[in-house]
Amino acid sequence: MDWTLLILLVVPTVVHGNPTVTVRTGSGPPVGSDQHPNSVPLSEETQTTTEVREVVVEEVMMTGVLNPSHYPARRAATVVQHYLNTRYGSPYRWIFLSKVHSGSAEDVAEMRKYQLELTMQEIISNVSGQCSAELLFPGGEGQSAPQVQASCEGLLQSNTTAQEEAFYQQHRASNNMVSGNDIPDSYGHMEPNMKPFWHLGGVASSFIMLKESNESTLYNMAQVANFTQLETEKDQLRVNYHVLLHEMISQEIIHWKLLVTWSPEQGVQVLQTELQPKCHNCEAPPNTTN
Ligand SMILES: *[C@@H]1O[C@H](CO)[C@@H](O)[C@H](O)[C@H]1NC(C)=O
Ligand SMILES: *[C@@H]1O[C@H](CO)[C@@H](O)[C@H](O)[C@H]1NC(C)=O
Ligand SMILES: *[C@@H]1O[C@H](CO)[C@@H](O)[C@H](O)[C@H]1NC(C)=O
Ligand SMILES: *[C@@H]1O[C@H](CO)[C@@H](O)[C@H](O)[C@H]1NC(C)=O
């Protein structure tokens with residue numbers, strides 16, 4: 001058995017004169033339509049220089065039976081969430097981790113293999129289901145996506161055919177392109193007609209988050225900064241998204257641009273992804289870093 005001492009140092013950054021992004025961290029599915037735990041309040045205020053340092057020392061067991069409420073199990077379970085969204089997500093189907101029941105991990109040929117029993121929740125219909133999942137995190141150099149297998153019961157019960165078809169028919173004709181920004185806004189609100197685009201942005205973000213995840217990350221979509229619908233091509237709705245992902249371990253907000261297509265027949269596909277530079281306005285002047 002193999003124990004690792006994990007030390008997280010949380011130091012809120014202090015920014016003068018720039019809009020700062022603060023994030024209410026929270027996991028689990030958004031509850032209700034107004035208060036989303038993964039919403040990002042954006043504040044224009046300049047933060048004062050009061051600096052809070054918080055040191056979290058957590059002793060984490062990396063292999064063997066895992067504590068369901070500790071990070072290793074939750075991180076792996078969140079990867080399963082992203083995987084399920086890439087498989088089954090739509091503007092009317094968005095899956096979140098509800099509960100980790102049990103988990104274990106073992107080292108297998110330079111990889112770490114997780115076995116998990118989970119409750120997942122589809123938050124639009126509020127249907128939940130039990131899932132058994134197996135995950136492999138490739139070891140070694142270079143980032144390659146975790147491999148996931150999952151089987152779930154009851155999760156896909158909701159019949160979204162009618163809603164999806166109506167949304168598709170409403171938006172496939174290119175005479176009324178939709179766009180939007182700040183979804184949800186600083187207060188966690190959004191217009192009802194923006195919701196399917198928010199869900200689609202969240203599902204599309206899971207394609208990135210699945211690929212980018214490793215054993216040390218915990219990704220969450222924080223906000224759709226903006227989206228622009230493009231002309232429908234080959235019967236696929238096409239939408240450009242600029243999304244803000246929150247990596248909860250490093251507390252980084254990461255910007256990605258995505259070209260997403262969707263139709264009821266073909267499902268969600270992410271055709272292009274582009275990681276945006278870390279910081280647009282606060283590049284360090286030359287020669288000030290060592
Ligand atoms: C969603 O379902 C759960 C049980 O699966 C229930 O506890 C919860 O109240 C429901 N939430 C809403 C908003 O209906
Ligand atoms: C879902 O509902 C549609 C009609 O809205 C129906 O045609 C279809 O057969 C239903 N699918 C399932 C799996 O129940
Ligand atoms: C996990 O991903 C993060 C962010 O991309 C990266 O900084 C880190 O080195 C990766 N860790 C491992 C063990 O691959
Ligand atoms: C979308 O949001 C990003 C991040 O806030 C911004 O840099 C970009 O200019 C916006 N794009 C559009 C088309 O509004």
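All ligand and atom numbering here is 1-based and tracks the order in the structure. Computed from a predicted model, the values in this text were never measured in an experiment. Counting from 1, the numbers follow the sequence of the chain as shown.
Of the candidates I208, V79, T78, V79 is the only one forming a side-chain contact (heavy atoms from CB on, under 4.5 Å) with S213.
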List below, pair by pair, the N or O atoms of ligand 2 and of the protein that are less than 3.5 Å apart, including the distance to 0.1 Å; reply 'none' if no pair qualifies.
unit_1: ligand 2; atom_1: 2 (O); unit_2: N159; atom_2: ND2; d: 2.4
unit_1: ligand 2; atom_1: 11 (N); unit_2: N159; atom_2: ND2; d: 2.9
unit_1: ligand 2; atom_1: 14 (O); unit_2: N159; atom_2: ND2; d: 3.2

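The environment of Q149 atom CD is sparse: at most 12 non-hydrogen atoms of other residues, nucleotides or ligands sit within 6.0 angstrom. By the 6.0 Å contact criterion, CD on E165 is enclosed, its count of non-hydrogen atoms from other residues, nucleotides or ligands being greater than 12. More than 12 heavy-atom neighbours from other residues, nucleotides or ligands sit within 6.0 angstrom of CD on Q169.
Any N or O atom pair closer than 3.5 Å counts here, and N226 shares at least one such pair with ligand 4. In terms of N/O distances under 3.5 Å, ligand 3 is approached by N214.
Set against the non-hydrogen atoms of A225, the atoms of ligand 4 under 4.0 Å away are 2 (O).
For an aromatic pair to be called close, the ring centres must be under 6.0 Å apart, and H199 with F167 fails this.
Looking only at distances, no side-chain donor or acceptor of N220 sits under 3.5 Å from a matching main-chain atom of A222.
Side-chain contact of E106 with T63: a donor-acceptor pair under 3.5 Å is absent, judged by distance alone.
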